[in-house]
Structure formats: structure tokens, C-alpha cells
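Structure record follows, encoded as C-alpha cells.
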Amino acid sequence: MSFVEEHGGWDDGQREAARQLRERVDVEGIEAVRVGVVDLHGLVRGKTVMADQLPGILAGGLPIVSTLLSKDTSGRTVYGAFAPDGGVGVAGMGGAGDVVMVPDPTTFRVLPWAPGTGWLLSDLRLTDGAPVPFDPRGTLRAALARAAERDLELVTGLELEFHLLHVEDGPLDPAEINRPGAPGRARAVSPVDRGYQLLSEDRADALEPFLAELARTLRALGIPLRTVEVEFGPGQVEVTTAPLRGLAGADAVVLLRSAVRSVARRAGLLATFMCRPQLPEACSSGWHLHQSLEHPDGGNAFVGDDGLSEVGRGYLAGLLRHARAGCVFAVPTVNGYKRFQPFSMAPDRVLWAHDNRAAMLRVVGSAERGDLHVENRAGEPAANPYLAMAAQLVAGLDGVDRGLDPGPSADQPYATEAPRLPTSLTEAVRALDGDTELRALLGPALVDHYAGVKRAEVARFEAAVTDWEQREYLHLF
Ligand code: GLU
Ligand code: MG
């Protein structure tokens, strides 16, 4: 039996998709396939496999270095990778050895921007076949299984903002070269427009060559694109999708982000999902995650006789209960916490409200139409979608299990007394340390591993002298 047959955990759908994939590669003249895995930061890393090698990899998997899951955002491995347990307590990850990518053939796409190139996401296994405990895709799979035990399925709608920037051309200066733990100087950038003309048709027209190409590309990738629009800030754009089920929602986020950046790059632009780039008059970018739970028969479990059902109210209350700790997953960067400001359309405290864009949890849609759902506005677009969705799902289900009540809708979200969202990644990591319930629900191994990586990032940030300090103090004192 092959490694994938024995340990891949493929269902019939995946086996059938693999069969079709082998055929497609021949028929469509695909030359190479990017076989990737999603790292802790929601970024795809992997290897490009020549088409004639693909059948072997669909059977045997593809080895990849285990340190990929022990790195911070600067590419620095924060655990002792050469120790027998990789510094992470897992024998199969020792000595910076291999783990195995098991491709998920249902994720296969042909990349519209790269001729003859296919794309596949993988799940991760240790060489003995056991799942890698820090695999974000595996973490979301486990959370979805928890929902399935309750006869519930997660349905998500995506709403992501990003900045579109002109970037200075030319060869790299040595000061721009990265070192693990010390990224090089960022390029000078400027937004593609002046901004603050919300949803302006004129601005959209000016960006038409890029926006139209982006829409074509996303549709060709099978992403159920709903809208593309110019947002508020200079160079800020937004895309939204129709509802997606389960794992497909998170898969769509990584594919969508890759597509946005690739289409922009080919247009000579830089698209960034960084929350709050250092630009004059910048407006933060959010990732609003619309979510509901469905019963297997397709009925929306949030719809009750009189508005939100008990499941819906419990889910809302669970999201509130674990919101501060869950921020580490929804807002995993130092930068993202600068977004939580009052009167900005981003939330600043932990509360919910009916259709109010100042609230962290905005209840929207209609019970009659059946599309009643919760929009969590806390997230930043740089979040790892698997971890962000998993954290929200297990938190919401916890509220359902406990039969919690979310209390009344907040009429004045920026004035109502409620716990504040963390104002820094440091505070968020501390909140996660304090939420032993969320740790148990999400898996202690994953939570401790991820928190360790975030602590390493925070420590580097806190040790760095910023240009703010230089400007504030150098000439003053
Ligand atoms: N940019 C706002 C945020 O940071 C959201 C604006 C909106 O779409 O309502 O979340
Ligand atoms: Mg928006």
C-alpha cells in the first residue's frame, strides 16, 4: 500500500479527484504543479513538481523540511530545530528532518497567471503517518469535525480589504536584503490613488485594468466572487465572496490572497494584506468573517422562531467569551492592533449588535430569508484563515454547548461598557495564556507552539528601536 493510501485519510471524493487530476494533467498539457502547504502564518510554501512526477507524489507524498512550521514571520526558526524533538516535543520533527506533504487533490487549480502551472494544497503527516500537530489545515479539520459531531457545518463568507501600491523599481540595495530575525528595509511605496472617496465609480474605473483582470482570475480559480470595490483609504480595495462550506472557506482565502498579489505583481503593482501600512493618511484593512452554522439538511441553524435561534445566541456568546484570547489568531501581527480604534469602522471592544458596523460582532441578514448570520469584524486580512476560523468555530461551539446568552445588542458600540480588545499582540498573547478553555478546545500542542512563535516576534519587536522613538526623543532630550 502507498503512503497516501495508508496514511492520507483520503475519502472517496479525494480518490476520485486524484483520478481526474492525473487525466487532466495529460489532457490540458500541464507542465508543472506547485505542491504547497500552509504554514503557521497562512502563507503557502512548497515545491514545484514536474507533471510526470505527479502520480508518484499523489501516491507517496512529498517530503518537506519540518522547520517550516517553526518559523516566525521573519523566517527565523524559533525552536531548537536540531534537537531530537525539533525543540517542539515531537520526535518526528527532530534534527530539522522531513515531514510529508499529502496533496489534497480536491484543491487542484490551474493558475491563470502562470501558463501550464497547476496548484495543489497538502495536509501534513509525520513520516510514520501521524498528523503533524501544528498543521493549520489539520487544526481547522479538527474544529470542523467537532461541529460535525453536533450535526453542524461552518459556512463562511469572505470580505477582505487590501492596499494596492506602486512600488519603486530597480535592483535591491544591500540594506533591503532579509536576514532571519531582521527583514531588510522595505521599498518606498505610494498608493494607486488619493483615497477617501468611498465606493467611487470613478476610482473603480481608474483601477479597471487591474480590477477586471483580478475578477476574471478569481472566477477562473473557482472562487465564488461576489463583488470587487474600491474601499475608503488611499489605494484600498475590497473583495467579497458568496458563502463557502467548511475547509473550502479557508482554502479560498489563501488562494485569493495569492491571486491578488500575483495579478498585481504582473501589473507592476504591490498588493499587501498588511493591516496598516505606513502610508500617509492610511486606513486600516480588515478581514470581516461572515459566519453561520448549517444543519446537514441545509437549514441555517442561526434562524429561530423570533430572530436568532438558541444555537445562534450561544454561538455569539461563545465568540464573545473567547474573543480576547482568540485575537492572537484573528490578529496575529504587531501591526494589526493599531487598527482597533473607535469611530473607525473597526471594533475596539468585545460586544455584539444588530447591524452596526462599530460592533465586533455584527448580526446581519434576515431570519425570513434564511441568511441570518454573524459578521466578526475583529480580524485582519493577514491572519492565517485556518487558525482564525478554527478558533472562532470552537469558541462559538463552546457557547452553544454551555447554552450561554450573549446579552442585549449594544446600541452604541463605541460607548457601551465592555471589555476592550487587546491593544497589542503582547496583550493578546497574555489573554491566550489566560484562556485555558480555548487552549483545550483548539488543542494545547498547537496553541503552545503558536504562542511561542508569537512571543518570539513580540520579543524582537520590543527590542527594536522604532522611527517613532527616534523622532520623538532624539532632538528633545
Ligand atoms: N477598513 C475597516 C476595518 O478596518 C472596515 C470598513 C468597512 O468595510 O466597513 O475593518
Ligand atoms: Mg470594507
Side-chain angles (χ1 to χ4, degrees), residues 156-165 191-201 203-204 207 211 214-215 218 225-243 252-253 256-257 260 271-291 319 323 326-327 329-365 373-383 385 388-389 392 410 412-414 420-425 428:
T156 51
L158 312 175
E159 181 181 340
L160 282 119
E161 296 168 345
F162 61 92
H163 283 88
L164 194 58
L165 308 167
V192 292
D193 62 26
R194 294 160 190 263
Y196 296 109
Q197 291 302 330
L198 183 63
L199 300 174
S200 150
E201 189 213 345
R203 280 183 63 202
L207 298 179
L211 296 182
L214 177 62
L218 294 176
L225 186 65
R226 227 177 111 248
T227 64
V228 179
E229 51 266 345
V230 289
E231 249 293 346
F232 201 32
Q236 204 176 26
V237 176
E238 176 181 88
V239 291
T240 68
T241 73
V253 175
L256 186 149
R257 288 193 303 216
V260 167
T272 182
F273 290 88
M274 174 182 179
C275 177
R276 199 171 168 78
Q278 195 181 44
L279 296 167
E281 306 304 330
C283 183
S284 304
S285 290
W287 168 26
H288 304 168
L289 183 60
H290 297 253
Q291 51 201 294
L319 289 180
C327 270
F329 302 102
V331 186
T333 69
V334 164
N335 182 251
Y337 290 85
K338 293 172 182 160
R339 169 170 164 261
F340 290 155
Q341 291 170 17
F343 307 103
S344 67
M345 294 248 188
D348 72 341
R349 57 198 78 193
V350 180
L351 43 70
W352 78 279
H354 283 294
D355 193 3
N356 190 322
R357 285 186 167 80
M360 185 188 92
L361 301 177
R362 172 179 175 239
V363 173
V364 267
H373 68 273
V374 181
E375 174 192 3
N376 190 337
R377 298 172 66 84
E380 66 166 318
M389 286 184 189
Q392 287 177 55
Q412 297 220 49
Y414 290 133
R420 297 304 167 110
L421 283 163
T423 57
S424 67
L425 183 56

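Just so you know, ligand 1 is whichever comes first in the structure, and atom 1 is the first atom listed for that ligand.
Distances from atom 4 (O) of ligand 1 to the heavy atoms of Glu231, Glu159, Arg339, Glu229 show the closest one on Arg339.
Classification of Glu375 and Arg377 as a salt-bridged pair holds, one side-chain N sitting under 4.0 Å from a carboxylate O.
Distance check, rounded to the nearest 0.5 Å: OH of Tyr337 to SG of Cys327 gives 4.5 Å. The distance from atom CG of Asn376 to atom CE of Met360, rounded to the nearest 0.5 Å, is 5.0 Å. We find the NZ-OG distance between Lys338 and Ser344 to be 15.0 Å, quoted to the nearest 0.5 Å.
Checked by atom type, the side-chain pair Ser284/Arg276 shows a donor-acceptor distance below 3.5 Å.
The set of protein atoms (N, O or S) found at less than 2.8 Å from the Mg ion (ligand 2) reads Glu161 OE2, Glu231 OE2, Glu238 OE2, by chain and number.
Using a 4.5 Å heavy-atom threshold, the side chains of Thr156 and His290 count as separate. Between Arg362 and Arg357 the shortest side-chain heavy-atom distance falls below 4.5 Å. When side chains are defined from C-beta on, Tyr414 counts as touching Asp348, because their heavy atoms get closer than 4.5 Å.
In summary, the atoms of ligand 1 found under 4.0 Å from a heavy atom of Glu238, numbered by their order in the structure, are 8 (O).
With respect to atom 2 (C) of ligand 1, the closest heavy atom belonging to the protein is Glu161 OE1, 3.6 Å. The protein heavy atom nearest to atom 9 (O) of ligand 1 is Arg377 NH2, 2.9 Å.
Ligand 1 has a nitrogen or oxygen under 3.5 angstrom from a nitrogen or oxygen of His288.
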